[in-house]
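Remarks on the structure that follows.
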Amino acid sequence: MRLSRYPINTAKESPADAEVISHKLMLRAGLIRRLAAGIYTFLPFGLRTVRKVEAIVREEMDRAGALELLMPAVQPAELWQESGRWEQYGPELLRLKDRHERDYVIGPTHEEVVTDLARRELKSYRQLPVNFYQIQTKFRDEIRPRFGVMRGREFLMKDAYSFHADEASLAEGYAAMKAAYTRMFQRMGLNFRAVRADTGAIGGSASEEFQVLADSGEDAIAVSDADDYAANLELATTPAFDGRRAPPTQALLKVATPGTRTIAELMALLQVPAARCVKTLIVEGAAGDVVALVIRGDHELNTVKAQKLPGVATPLRMATAARVLAATGTAPGFLGPVGLNCRIVVDHAAAALADFVCGANEPDVHLTGVNWSRDLPEAQTADLRSVVDGDPSPSGKGSLTIRRGIEVGHIFQLGRKYSEALKLTVLDPAGKDLTPLMGCYGIGVTRIVAAAIEQNHDDKGIIWPEPIAPYLVLLVTLNHERSEAVRAQADRLYATFSAAGIDVLYDDRDARPGVKFADAELLGIPHCIVIGDRSLAAGKLEYRNRRTGENSEIAVDEMVAEIRRRLGR
RNA sequence: CGGGGCGUGGCGCAGUCUGGUAGCGCAUCUGGUUUGGGACCAGAGGGUCGGAGGUUCAAAUCCUCUCGCCCCGACCA
């Protein structure tokens, strides 16, 4: 494409409401334009990258044997009522009425539609397993859309749904998808991890997220430095308390700690590290009672883990101050496990402590030199906290680091949630009804574009990974208005690359060199050829590599071959 | 939904406190000079100051209501 015929300008400044680098660069480089909150137009440059991502996704899905189809964005409410999600999904589901006052939704996901399709088409176990996928526009009315297309309300998603006769087949299909996803993200040149994820309300036995590592990511993940263990912080674990702890060396002591309610205040007053203190959190129990959760002072309660504990209310609710007073006789700030008259669950790390500090269940008093067994009974232990940097990996090898990630893919073993709700059955070999198991597999196509930029940029602009670059080669002419030779040479190269099917962008604008170089860097095309009188006089052209910064002179006659060599084609 | 902030040419902002009839940079257009890292000179177009109502001789500026956007949090898979 010739830039002189492209009407979208780049910008030196980015709009004030853009926060993360990918959003700023996408606006400045003219990849997207905002239409409404979380709703964006993809301009030609942006769309080209979207299409490249789609092509890779499609190739790998097809290779894995999945079948592409295209389902409607607008879906009748009846299906959602049948699955129960009309009530469950909440305000994120965009609902609308047609002219006959019939209810519809704009699909945030397609389990209902694909299961409806399956129950109409699939009759026999012989048709299983099968995996249907599509690349299609989704709408989720996010509470807070942000970061451009990273968390938009309307976005492109690849969603796939597999149907299986038994668990073994589901596990096989799931593994095939995991392998396909791994290949896709590798091909896109992304630095990512497959991380174990909470299955949440959807349930099911396995779920992994594909997280692109980036500081701006909205998810926290724990990554092992010694093997491939990686998990969402929501469920990352570290080895449990093994029963060994240091012997007591201090006597149990009551100390006056007036007004000292926080761990930070306690550390300052008693000159003890937070890791030697415990905090006692009172949460609502499932039976109308309360449960005390004991965590080391430097650790954070993990709500996902805590609410999975038997006897704890779901969702997790902290007890009110009044409830705490009624149950313990004292107010939050001076609670401790010693002599506490309710169910106590202790985090493994807190259980491993000796000579620790805690509240005395009396106002303005704490205990020091507290030891399990000696001063209070051993209590039930559990994994209650979020792991922190440096915790040992649960695999026993290496330690964990907390990283930020952008979730670009998520694979699930769904089980029979939707096949049961929508009464999908096929006949088994004995002629009996069989309710298939399902898996679902999502990829945020437009989010990948933003995630790729988060990971591939410098202070000048985007640095596209070759496989998803909107163009592979950029031709930049310098002062072609004054040089017929420059223009002719550039035109020839443009024709050559075009004929060879190599995506080439031709900056043939009547602009000054500085403008063209700045835009070249902003747009981030991997390979740039500069055609100017100066080098042309010596029979050379200039080659610039956006990623490595390489800047070399190559003979005119060799340039095309050199580019092809670098592109491997 | 709670808290905070912001709405002034396409973009970035000043002007608001202390009312006096809208300005700067970028971008765009015209002419000229320039030409290997976002040129310079001269000129031009473009804004009912988010919207509605009110106060006032006079409102971007003060008051009321309202809409939109952004940030933090809660919520959500």
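Naming convention: chains lettered A, B, ... in sequence-line order (proteins, then strands); numbering from 1 in each chain.
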The complete set of ring pair (Phe, Tyr, Trp, His ring centres under 6.0 Å) pairs with one or both residues in residues 7-40 of chain A, sequence neighbours excluded, reads His23(A)-Tyr40(A)
Under a 4.0 Å heavy-atom criterion, the protein footprint on nucleotides 1-15 of chain B, written with B, S and -, is ----------SSS--
Per the under-4.0 Å heavy-atom filter, residues of residues 532-540 of chain A near RNA chain B come out as Gly532(A), Arg534(A), Ser535(A)
Contact check, residues 542-554 of chain A vs RNA chain B, heavy-atom distance under 4.0 Å, returns Glu542(A), Arg544(A)
With both distances kept under 3.5 Å, what pairs with [N], Watson-Crick or G-U wobble?
N: rC49(B); result: none
N: rA39(B); result: rU33(B)
N: rG7(B); result: rC67(B)
N: rG73(B); result: rC1(B)

Using a heavy-atom cut-off of under 4.0 Å over every strand shown, decide if Glu407(A) touches base, sugar-phosphate, or nothing. nothing
- Message: Using a strict threshold of under 4.0 Å (side-chain N to carboxylate O), is an ion pair present between Arg85(A) and Glu111(A)?
- Response: yes
Quick note, Arg482(A) side chain, CB onward, closest among rU35(B), rA77(B), rA27(B) is rU35(B)
Winner on side-chain proximity to Phe517(A), out of rG37(B), rA77(B), rC70(B), is rG37(B)
Subject >> Heavy-atom donor-acceptor pair, Glu234(A) side-chain to rA77(B) base, under 3.5 Å >> reply: yes
Contacts of Asp17(A) meeting salt bridge (Lys or Arg N to Asp or Glu O under 4.0 Å) (sequence neighbours excluded), chain-then-number -> none
Taking the [atom1] atom of each, how far is [N] from [M], in whole Å?
N: rA44(B); M: rG25(B); atom1: P; answer: 14 Å
N: rG51(B); M: rC13(B); atom1: C1'; answer: 23 Å
N: rC6(B); M: rG15(B); atom1: P; answer: 12 Å
N: rG20(B); M: rU16(B); atom1: P; answer: 9 Å

Using a distance-only test with no angle check, is there a side-chain donor-acceptor pair under 3.5 angstrom linking [X] and [Y]?
X: Glu209(A); Y: Asn232(A); value: yes
X: Arg512(A); Y: Asn479(A); value: no
X: Tyr418(A); Y: Ser83(A); value: no

Sorted by chain and number, sequence neighbours left out, side-chain hydrogen bond (donor to acceptor under 3.5 Å, both in side chains) with Ser535(A) holds for none
